[in-house]
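Contents: one structure, followed by commentary.
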Number of protein chains: 2
Amino acid sequence: MGTQPEPSSTPRTALNRERVVRAAVALADEAGLEALSMRKLGQRLGVEAMSLYNHVANKDDLLDGMIDVVFSEIDLPASDAGWRTAMRQRAASVREALARHPWATGLMELRTTHGPTSLRHHEAVLDCLREAGFSIENATHAYWLLDSYIYGFAIQEASLPFGTPEELVEMAEIVLPRVPAETYPRLNEAAAAALAAGYDYTHEFEFGLDLILDGLERLLDSARESGATVH
Amino acid sequence: MGTQPEPSSTPRTALNRERVVRAAVALADEAGLEALSMRKLGQRLGVEAMSLYNHVANKDDLLDGMIDVVFSEIDLPASDAGWRTAMRQRAASVREALARHPWATGLMELRTTHGPTSLRHHEAVLDCLREAGFSIENATHAYWLLDSYIYGFAIQEASLPFGTPEELVEMAEIVLPRVPAETYPRLNEAAAAALAAGYDYTHEFEFGLDLILDGLERLLDSARESGATVH
DNA sequence: CGCTGTATGCTTACGACGTAAGTATACCGG
DNA sequence: CCGGTATACTTACGTCGTAAGCATACAGCG
């Protein structure tokens with residue numbers, strides 16, 4: 001077709017690191033992290049496993065690349081909308097990305113090194129908080145608090161085996177008989193209420209997030225009261 | 001020696017599920033989860049790998065047992081000290097257990113089934129909150145919020161590669177040159193402050209926890225105001 | 001006492017894994 | 001045209017979880 005490439009004997013489009021990493025992300029999304037092997041990934045790309053090592057140092061390097069993809073899908077906090085809405089948007093963006101790639105939280109625990117995408121992200125969040133008037137210490141507190149909550153929520157959401165209300169009902173039918181109301185009355189009343197109301201993760205997430213943001217706002221106000229932050 | 005056991009040809013103490021699981025926990029603590037293989041575990045117990053399958057259905061079953069051990073190390077909330085101190089103690093207990101076994105958070109994501117120890121734990125926490133006057137919905141909110149924070153914090157603590165102030169200084173020397181102050185000013189000022197103050201995870205953890213508990217207390221008060229909860 | 005499960009251990013073997021080492025091919029700049 | 005570089009393939013090693021089969025030792029029972 002074109003004039004330069006497609007030299008007749010390499011039918012497949014050229015392999016490169018990005019294509020390898022993206023295919024790995026797609027494979028992990030579809031089949032889970034434990035199904036991601038170099039051989040299966042090669043198969044998916046029409047290539048032998050060892051050929052992947054021309055584009056990726058080893059499997060850990062591949063996993064690092066996958067983490068970077070996830071980070072790149074997270075919106076940086078908007079700088080023009082006030083810290084609170086910026087933090088809300090970022091939190092939602094993180095949760096969406098982690099829900100899209102349920103394997104990501106598990107990976108981020110193992111791979112401790114942070115790529116430039118991750119660093120840029122951290123920098124932007126800290127900057128947003130500092131610009132809003134948080135002291136260095138309080139910005140650090142706020143960051144730990146928000147990230148702990150967001151990641152912890154994403155993990156629990158990912159490990160609970162239902163996403164839709166139908167799956168919730170389905171799972172309740174299987175699990176609840178093993179949780180008799182006599183020994184676990186509190187679990188049962190909570191489960192009954194959740195089933196009746198049609199449980200919604202997003203609503204649950206935002207409830208906790210707003211409670212935390214309220215606390216941070218009070219922290220900011222009381223710090224302002226007792227002496228302005230250097231800005 | 002004794003009259004009944006020790007029939008001269010089985011020198012080692014009898015193997016059973018508990019000994020296998022405990023050895024697995026110890027091995028994972030020392031060498032990490034990725035070093036836990038059935039062969040190495042057998043070696044540690046003076047036994048071939050396949051012999052372990054007489055006491056454990058398969059590796060997943062072993063992992064489930066390990067999770068149960070971790071849960072059994074977590075103190076149930078005290079029922080006689082008020083919900084706030086009970087939640088504080090439980091939170092500290094969870095964090096300690098997860099810090100003692102850094103592999104636990106990673107496992108709990110994968111193994112979604114909950115054993116009786118886990119169920120009992122959930123029940124006790126919910127009961128504590130309900131007794132304190134939280135509505136069913138608010139107790140559920142509080143549980144999600146607290147657990148998300150605790151687990152998220154534990155994960156970040158485990159994945160950050162330092163535990164002592166010395167290790168922090170050591171790591172800073174390695175990492176900071178790769179995080180230039182011109183492009184990452186906020187990260188650098190935060191790192192500098194943490195280095196100067198001697199960063200303390202426990203302090204950081206309790207700061208966020210107290211902020212959350214403050215928020216929950218307000219929630220409880222405002223619910224009390226607008227009409228008592230059925231109790 | 002011997003007979004007979006049953007519990008517990010060991011050996012061997014299979015297929016999948018990550019990846020080191022060596023080889024073949026196809027392109028590009030001289 | 002020629003040599004180097006990039007990319008792909010083949011083969012092979014050690015490790016993994018575990019299925020299948022075999023050995024032994026003990027308990028209950030006649």
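Residue numbers start from 1 in every chain, and the chains themselves are labelled A, B, ... in the order their sequence lines are given, proteins ahead of strands. Fair warning: this is a prediction, and the values are worked out from it, not measured in the lab.
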Practice task
Grab the CG-C1' distance between B:N54 and D:dT24 for me, whole Å please.
Solution key: 13 Å

Practice task
Rounded to the nearest angstrom, tell me the gap between atom CZ in A:R17 and atom P in D:dA8.
Solution key: 15 Å

Problem - Interatomic distance where CG belongs to A:L45 and C1' belongs to D:dC9 [whole Å] - result: 15 Å

Practice task
Using the six-membered ring wherever Trp is involved, compare the ring planes of A:F71 and A:H121 and label them parallel, tilted or perpendicular (cut-offs 30° and 60°).
Solution key: perpendicular

Completion exercise
Residues in residues 56-65 of chain A with a heavy atom under 4.0 Å of DNA chain C, by number, are A:N58, A:K59

Handout entry: Sequence-distant partners of A:E137, side-chain contact (heavy atoms from CB on, under 4.5 Å), two or more places apart
Key = A:S135, B:A193

Handout entry: Distance test, side-chain N/O of A:H55 to OP1/OP2 of D:dA8, below 4.0 Å
Key = yes

Practice task
Round to the nearest Å and state the distance from A:Y53 atom OH to D:dC9 atom P.
Solution key: 14 Å

Fill in the blank from the handout: Taken in chain and number order and not counting sequence neighbours, the residues that satisfy side-chain hydrogen bond (donor to acceptor under 3.5 Å, both in side chains) with B:S93 are none

Fill in the blank from the handout: Separation of D:dT7 atom P from A:L52 atom CG, nearest Å, is 13 Å

Problem - A:E48 CD to D:dT10 P, straight-line distance once rounded to whole Å - result: 5 Å

Practice task
List in numerical order all residues of residues 34-43 of chain A for which some heavy atom is under 4.0 Å away from an atom belonging to DNA chain C.
Solution key: A:L36, A:S37, A:M38, A:R39, A:K40

Practice task
For residues A:Y201 and A:E204, determine if any side-chain heavy atom of one lies less than 4.5 Å from a side-chain heavy atom of the other.
Solution key: no

Problem - Ring center gap for A:Y184 and B:H122 short of 6.0 angstrom - result: no

Exercise for the section: Could you tell me which residues satisfy side-chain hydrogen bond (donor to acceptor under 3.5 Å, both in side chains) with A:D29, sequence neighbours excluded, listed by chain and number? Expected result: A:H101, A:W103

Practice task
Go through the structure and list residues passing salt bridge (Lys or Arg N to Asp or Glu O under 4.0 Å) with B:E173, not counting sequence neighbours.
Solution key: none

Handout entry: Within 6.0 Å of CZ in B:R22, more than 12 heavy atoms from elsewhere
Key = no

